[in-house]
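So that the names make sense, note that chain A is the first sequence line, chain B the second, and so on, each numbered from 1.
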Amino acid sequence: MLLAHVALPVPMAHTFSYEIPARLAGRTRQGARVLCSFGSRRLVGVVVTAGEGEPPPKVKALLDVLDDEPALTDELLAFLRDLSAYYLAPIGEVMRLALPPIERAVARALEDSLFETKKGISARRVQTVAPTEKLEESALGGQAGAILAHVRAVGETSLVDLEGRWKSARAAVKKLTQLGLVTTGSREVQADSFFAAPAPRDSPPELTPPQAIAVEAIATALAAPSSGGTFALHGVTGSGKTEVYLRAIVAARQQKKGSIVLVPEIALTPQLVSRFRARFGDDVAVLHSGLLPRERLVMWKRLRAGELDVAIGARSALFAPVRNLGLIVVDEEHDPSFKQEEGIRYHARDMAILRAHRAAGVCILGSATPSLETEHLSRSGKATKLVLPDRARAQPMPAVEIVDLRRMGPGPTGDKRISLPLHRALEKTLAAREQAILFLNRRGFSPAVRCEACGELCSCPSCSVALTFHKRHGERLRCHYCDFETLLPDNCVKCKSPALALEGLGTEKLEETLATAFPEAKVARLDRDVASGRTVDAVLGRMRAREIDILVGTQMVTKGHDLPHVTLVGVINADAALSLPDFRAAERAFHLLVQVAGRAGRGDVPGRVLIQTYTPEHPAIVHALRHDVNAFLERELVDRRELGYPPFSRVGLIRVDHPDEATAREACAMLANVAREAAEAASREGPGRVAILGPAPAPLARLRQRFRFRVMLRSSDRAMLRRTLLAVERARGQVERTVRTAIDIDPVQLL
DNA sequence: AGCACGCCGACT
DNA sequence: GTCGGCGTGCTC
């Protein structure tokens, strides 16, 4: 019988076999999308293989074939199969990552079975929900309460988004509207700003000698008969990495090959895009989250047809259907946003290496502060290091100073975290009519509320993490992990004592303290509580217009664009980033310090950076102080190797050994997500000890005992865990579980 | 993941 | 009497 093995978008590891009816025999090819009857549903799947074979006991026939030319090329199909095998992710869901939004005609043919796409394609306006200043009279339970907390946390959001998160969001929003707690409205889906203005063409600048060497090496690799290779491009901001990317794309074109450029989420700015458009005109597909399904489909089709040969986008652009793929660039490869943490978990940097490798293409990993993984690739000979040492535009490095909080007392505010040196530096900056940025990685007023009588911390009932006190919006305690919210209680929940103390310093309090201490200065705050999405640019705009003297903020302040009048950058507490429960804490802190330091001083005005810390001897601080990236990498690699952390660890999984291989495979596939979470946490806390963060269903308690470890869960994983538990339970006595040290991915294994 | 089937509680 | 909650099992 002629059979098609089809990957369907269901969370199951295997493909499903369908009979190919004679009328579809010619068009049913590998990579083509097909319409299948599946249970009572109709689904669109992808043909993974097709051919003569033994039919399974139950076979249905394919209903239709959607493509004359297969939607997925052999190259993309093979890559997706590799990705699925590597991450133990269901093949059908992986395929879906690379499929275009379904055309209107097809959607109609599918009737109401694909409501998602119908909804998406017709949405020109979206309904929005925004919080009001009004406070509820009594605590709201259930979905209404959760939705209210969410809307307050993220600001104006779309109803569609809320419906995706909560089943009866529409009803709850109606109720909240009646109570006056939220308002609803609608807005145009934002138009594509990237192509609003025509970009003036530029002419390629002269290359610096190091740039020329880098371009030469990449072009040679692209042109070689058995081409390919991975390059680690190491260069500070302003050293001209982008010019190397542009030349590499040109070199790929000369070989009739297409390119993909991956950038971190926040880096996909009009400035960056116009840089590419200036060189290549409008022959560039910009894939971003603001694209309507219709526009996304147009981009997808033009790439698939070979009309466009360059795709730029965040993480998901990795799956762009670029023809004859020859080059993948990962810019700012150390950025954590390349790691997809929800749904199908993958690391776009690692997968970029894999896809380029399998396509016999070139992968460029660019960064000023390379990840340990990339550095390890270079050192083990699996990537070629290219260094751009010169700053194309010579800028003086800012003077970085340490404020040792063990020795330095508080300034006039009396708050230890605004030390005397920092206070004086702020005074000086203000006197010179310059601007300051203060970085503090904790939003809210106080990160913890403690009972002074019994020592109990107010913590989240479902996440057991400390609740943060927010002063604005009515003195509330909020969980920064799950958005749980409650009013500040009058008494300790445990001992009923009224002696509750606000501990620690958040951006909200810092802003307030500074506003009092410097009444003549304009102090503003930039964090997720005051700025959602587009409003970040508004705050940065006010900063550029010098309407703000001191800007206090979280991570967000490190990512902004040019702020030429900032001459002082203060890091309030470098130890906060260093003590995060994450084996990458030192690495992230180092990136952060180098990045934030880069904010100070531009052009002729020398900048000044003050880093406040209790651990001035920490390598991340010492090396950030000297701008010495290589020394930091060297040191951190040694530590990682000793501890067996990535990039030296092997991929580990919760292994299920079972005499029946199919059962074992199924259990493994189901465990994959949990394994990944457990793995990360295990690497932080040591094998076998993983924290529970998140509401735990009753079966979890049993799982904990049986596996002798605890699992960190996000709500979406709970259903899967329940199933897993069942599968394990069923095979009780025959299943042997081994929990190896299960950690991150080692990209070295891919090559 | 959906979706059907099925079995128990509070409403017209 | 039935509407609707979610537990259980299945999908070529």
Side-chain angles (χ1 to χ4, degrees), chain A residues 1-21 24 28 30 32-65 84 87-97 99 102 110-120 141-143 163-168 170-172 340 342-345 662-663 665-667 669-674 695-703 713-732:
Chain A
M1 187 186 277
L2 252 188
L3 292 174
H5 304 283
V6 181
L8 291 166
V10 286
M12 283 181 282
H14 55 91
T15 55
F16 292 84
S17 308
Y18 286 84
E19 185 189 350
I20 304 172
L24 299 176
T28 310
Q30 230 179 59
R33 291 174 300 166
V34 286
L35 185 61
C36 305
S37 146
F38 187 71
S40 58
R41 297 183 282 167
R42 298 163 97 195
L43 296 176
V44 175
V46 176
V47 177
V48 176
T49 52
E52 206 65 47
E54 263 314 288
K58 233 177 165 184
V59 180
K60 288 187 189 176
L62 290 180
L63 298 176
D64 211 346
V65 177
S84 159
Y87 290 115
L88 289 180
I91 182 77
E93 305 212 307
V94 170
M95 295 282 164
R96 194 158 56 168
L97 294 172
L99 290 179
I102 290 170
L110 300 181
E111 291 153 6
D112 47 359
S113 56
L114 281 159
F115 69 97
E116 298 174 67
T117 47
K118 268 173 93 179
K119 190 171 65 187
Q143 297 200 348
E163 281 183 309
R165 292 165 194 257
W166 289 281
K167 212 166 51 181
S168 53
R170 201 167 277 268
Q340 167 89 54
E342 255 154 40
I344 304 295
R345 284 153 204 263
T663 307
R665 281 187 66 89
E666 188 110 0
M670 289 192 292
L671 276 165
N673 266 353
V674 177
L700 188 58
R702 276 181 294 160
L703 185 92
L713 281 181
R714 298 225 172 91
S715 53
S716 59
D717 293 333
R718 270 184 281 156
M720 181 207 51
L721 184 69
R722 199 171 49 79
R723 289 158 180 287
T724 306
L725 190 70
L726 267 161
V728 171
E729 205 78 43
R730 215 176 282 138
R732 199 191 204 128

Requested in this report: Mind checking A:S37 for me? I need base, sugar-phosphate or nothing, with any heavy atom below 4.0 Å counting as a touch.
Outcome: sugar-phosphate

Report task. In whole angstrom, give the distance that lies between atom CZ of A:R41 and atom P of B:dG2. Result -> 6 Å

Query raised in the report: About how many Å separate CG of A:L43 and CZ of A:F16, when rounded to the nearest 0.5 Å?
Result: 9.5 Å

Query raised in the report: A:R42 has an atom CZ; how far is it from atom P of B:dC3, in whole Å?
Result: 13 Å

Report summary line: Of the listed C:dC12, B:dA1, B:dC3, the closest approach to the A:S40 side chain comes from B:dC3

Report summary line: A:M95 CE to B:dA1 P, in whole Å, measures 20 Å

Requested in this report: In whole angstrom, give the distance that lies between atom CD of A:E54 and atom P of C:dC12.
Outcome: 19 Å

Requested in this report: Scan A:Y18 against the nucleic acid and name what it touches under 4.0 Å (heavy atoms): base, sugar-phosphate only, or nothing.
Outcome: sugar-phosphate

Requested in this report: Calculate the interatomic distance between A:L8 atom CG and B:dA1 atom C1'; express it in whole Å.
Outcome: 12 Å

Query - Partner of A:S17 by side-chain contact (heavy atoms from CB on, under 4.5 Å), out of A:E54, A:K58, A:H5 - result: A:H5

Query - Point-to-point distance, once rounded to the nearest 0.5 Å, from OG of A:S84 to CE of A:M95 - result: 7.0 Å

Report task. Write down the distance between NZ (A:K58) and C1' (C:dT11), rounded to a whole number of angstrom. Result -> 7 Å

Report task. Please state how far atom CZ in A:R96 lies from atom C1' in B:dA1, giving the value in whole angstrom units. Result -> 8 Å

Query - Criterion side-chain contact (heavy atoms from CB on, under 4.5 Å) on A:Y18 and A:V34, from CA distance to verdict - result: CA-CA 10 Å; A:Y18 286 84; A:V34 286; over 6 Å; no

Query raised in the report: What integer distance in Å separates A:E93:CD from C:dT11:C1'?
Result: 14 Å

